[in-house]
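Notes for the one structure printed next.
Every number for a ligand or one of its atoms is a count from 1 in the order of the listing.
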Amino acid sequence: MRKNYLLTPGPTMIPPEVSLEMAKPIIHHRTPVYIELFKKVNVALKEVYRTKNDVFVMTSSGTGAMEAAVVNTLSAGDTVLVVKGGKFGERWGKIAEAYGVNVVYIDIEWGKAVNPNDIKKHLQENKAIKAVFTTLVETSTGARTDIQAVGNIVKDTDAILVVDAISGLGAEEFRTDDWHVDIAVTGSQKALMLPPGLAFISVSDKAWKMTEKSKLPKFYYSLKKARKSLEDGETPFTSAISLVIGLNKSLSMILEEGLDNVIKRHEKMGRAVREAAKAMGLELFAPDAPSNAVTPVKSPAGIDCGLFIKKLKSKYDVTIIGGQDHVKGKIFRIAHLGYMDVFDIVIVISAMEMVLVEMGYKLELGKGVGAAQKVLMA
Ligand SMILES: *Cc1c(COP(=O)(O)O)cnc(C)c1O
């Protein structure tokens, strides 16, 4: 018998309480029972988003909500600003370009976060910019953006602030309304402790005004249609019923623990992983802007990164993930996200130590575990 430990930045592990809810016999979505549940889910979602605005539930992975953000607010030929410091910032640009939107990029080095003043400069110099696209946690590099600072800049302009909070929401502090975020998107398979398949999107009044002028084609992802249905506690098309029933449970678990406590737990897990890595003589990939969601670590000299990840899985059933694009083979990423507690950190660090030693890396067993324990005890 072996247990599986999934420590990837999506999908993440699922609480058994949530799995059990989703295993119940299916019900119909146009029924009072489901509508009641869906309304309850919407209230809970607003709490987790810390917003007064509606948060729409979409049937897609997170990228669907990213696409919805673009097609509902913009028209072909519009200009937008995209912060690109990894795969997901890049994705904002690719979606916008696919629809004929002009993209101005702020290119930042992988592992670094954007300087909010660079966004300010672009907005001052280019009044045509209609939207600023950012990423709360750039999952490919582990870097966290100071969305509060960005929000304070964008709010004084005509542009809207759109945030990919897919891996960050529920792991990092994130205040949609207080931070003047016009659109925030997230997905089910990260901190929200569900399987993949749902995406979420919040829309501010400023963003709704842009939907009135938006000419990009949309049908399934029309937010206006979603808003009309939500008035009756419904979705325009068939709801992903089982996932929404699971969501009802996972959101109650988050709110029962308390959103602040959930964030603190993630903060602690993130710090434990970083301290453990350092104690093991490993180098962090994004030390200047660490996140609570995922920690990328540079693969040490002499260790085959791909083989290290493979051995973790084959010998100990611990799954972490490698780097993408030009950092493939150079970094590995440990997620501390969602249904995880402090002892999951001890497990992954322990397994990492064992595999590294097996691969010939000079390390005294327990060094990393001890460093993690010190953080977890504090
Ligand atoms: C996981 C993730 C996405 C994801 O998308 P899917 O469409 O759900 O695969 C987008 N952005 C970030 C920052 C992510 O971590």
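Nearest protein heavy-atom neighbour of atom 14 (C) of ligand 1: Lys190 NZ, 2.9 Å. Among protein heavy atoms, the minimum distance from atom 6 (P) of ligand 1 is reached at Ser61 OG, 3.4 Å. Among all protein heavy atoms, the one lying closest to atom 3 (C) of ligand 1 is Phe88 CE2, 3.4 Å. Nearest to atom 5 (O) of ligand 1 among the protein's heavy atoms is Thr63 OG1, 3.5 Å. In this structure, atom 11 (N) of ligand 1 lies nearest to the protein heavy atom Asp164 OD2, 2.6 Å.
Atoms of ligand 1 lying under 4.0 Å from any heavy atom of Thr139, numbered from 1 in the order shown and given with element: 12 (C), 13 (C), 14 (C), 15 (O). Residue-ligand proximity, Gly62 to ligand 1, at heavy-atom distances under 4.0 Å covers atoms 6 (P), 7 (O), 8 (O).
Geometrically, Lys84 does not engage Phe133 in a cation-pi contact, judged by NZ or CZ lying under 6.0 Å from the ring centre and within 45° of the ring axis.
Looking at Arg91 against ligand 1, only its side chain comes within 4.0 Å, counting heavy atoms. Residue contacts with ligand 1, taken as heavy atom pairs separated by less than 4.0 Å, involve Val137 solely via the backbone atoms N, CA, C and O.
A single hydrophobic cluster is not seen to contain both Tyr5 and Leu337; linkage of ILVMFWY side chains at heavy-atom distances under 4.5 Å, directly or through other members, places them apart. Note on Met352 and Val369: same hydrophobic cluster, where clusters join Ile, Leu, Val, Met, Phe, Trp and Tyr whose side-chain heavy atoms are under 4.5 Å apart, directly or indirectly. No path of Ile, Leu, Val, Met, Phe, Trp and Tyr side chains, each step under 4.5 Å between heavy atoms, connects Ile331 with Leu312, placing them in separate hydrophobic clusters.
The pair Glu90-Lys87 meets the salt-bridge criterion, with a side-chain N (NZ, NE, NH1 or NH2) lying under 4.0 Å from an Asp/Glu carboxylate O. Note on Lys112 versus Asp288: salt bridge recorded, some NZ/NE/NH1/NH2 to OD/OE distance being below 4.0 Å. Electrostatic pairing of Glu36 and Lys39 does not count as a salt bridge here, judged by no charged N lying under 4.0 Å from a carboxylate O. Between Glu21 and Lys24 a salt bridge is recorded (basic side-chain N to carboxylate O distance below 4.0 Å).
Within the 4.0 Å heavy-atom shell around ligand 1 one does not find Lys87. At least one heavy atom of Gln189 sits closer than 4.0 Å to an atom of ligand 1.
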